[in-house]
Amino acid sequence: MQTSRVEAFSDGVFAIAITLLILAVGIEQAPHGDLGTYLVDLWPAYLAYAVSFLTIGIMWVNHHLLFDNFASVDRPMLLLNILLLMLIAFVPFPTRIAAEFARSEVDRRNAALLYGITMTATRFSSSLCGCTGHAGSSARTPTRSS
């Protein structure tokens, strides 16, 4: 299969995951009292959003660079890419957990553990895509620019 279909599908998943991150910052109910104070108190959500947005953005760049090396992909590469995309689509969940429980000592540790496990699994999956891609997919012929 040509990489263009895989890249288009992957770009869609990345875009949706990055869009879902903002929901972790959202206000579920109208704040009672001073809106300014309420917005300042959301700082953990802003921080979690920024870190996850940049992380997913870097993953997208790496994914783009990886697939730029191949003219086609095989079935194992497609399946590993699906695993990678599943993990990327999961990132908004631990992001929200980290934002909501940033102020609690015990819960903060557990939230960080969930976030760290998610990022580690995502990186491992990305590495597997790279190894499998180099082993089983056809390489793109380099072009010379004049």
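Being a predicted model, the structure only gives us computed values, none of them experimental.
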Does the side chain of Val106 reach to within under 4.5 Å of the side chain of Phe101, using non-hydrogen atoms? no
If we only count heavy atoms from C-beta on, is the Asn81 to Leu84 side-chain gap below 4.5 Å? yes
Side chain Arg96, main chain Leu23, donor-acceptor under 3.5 Å: yes
Would you call Asp11 and Trp60 a side-chain contact if the rule is heavy atoms closer than 4.5 Å? yes
Is there a side-chain contact between His64 and Met59 (heavy atoms, below 4.5 Å)? no
Between Phe93 and Phe90, is the ring centroid distance below 6.0 Å? yes
Heavy atoms of other groups near Arg75 CZ, more than 12 under 6.0 Å: no
Between Tyr46 and Leu39 (side chain of the first, backbone of the second, donor and acceptor by atom type, cut-off under 3.5 Å), is there such a pair? yes
Is it the case that the side chains of Asn62 and Ser126 hold a donor-acceptor pair, with the cut-off being a distance below 3.5 Å and no angle test? no
Using atom types as modelled and distance alone, determine if a side-chain donor or acceptor of Asn69 lies under 3.5 Å from a backbone N or O of Leu65. yes
Any side-chain heavy atom of Glu105 within less than 4.5 Å of one from Arg109? yes
Polar side-chain atom of Thr95 near backbone of Val91 as donor-acceptor pair, under 3.5 Å: yes
Let me see the working for Phe67 and Glu7 under side chain to side chain contact (heavy atoms under 4.5 Å, CB included), right down to the final yes or no. CA-CA 7 Å; Phe67 277 86; Glu7 290 173 296; 3.6 Å; yes
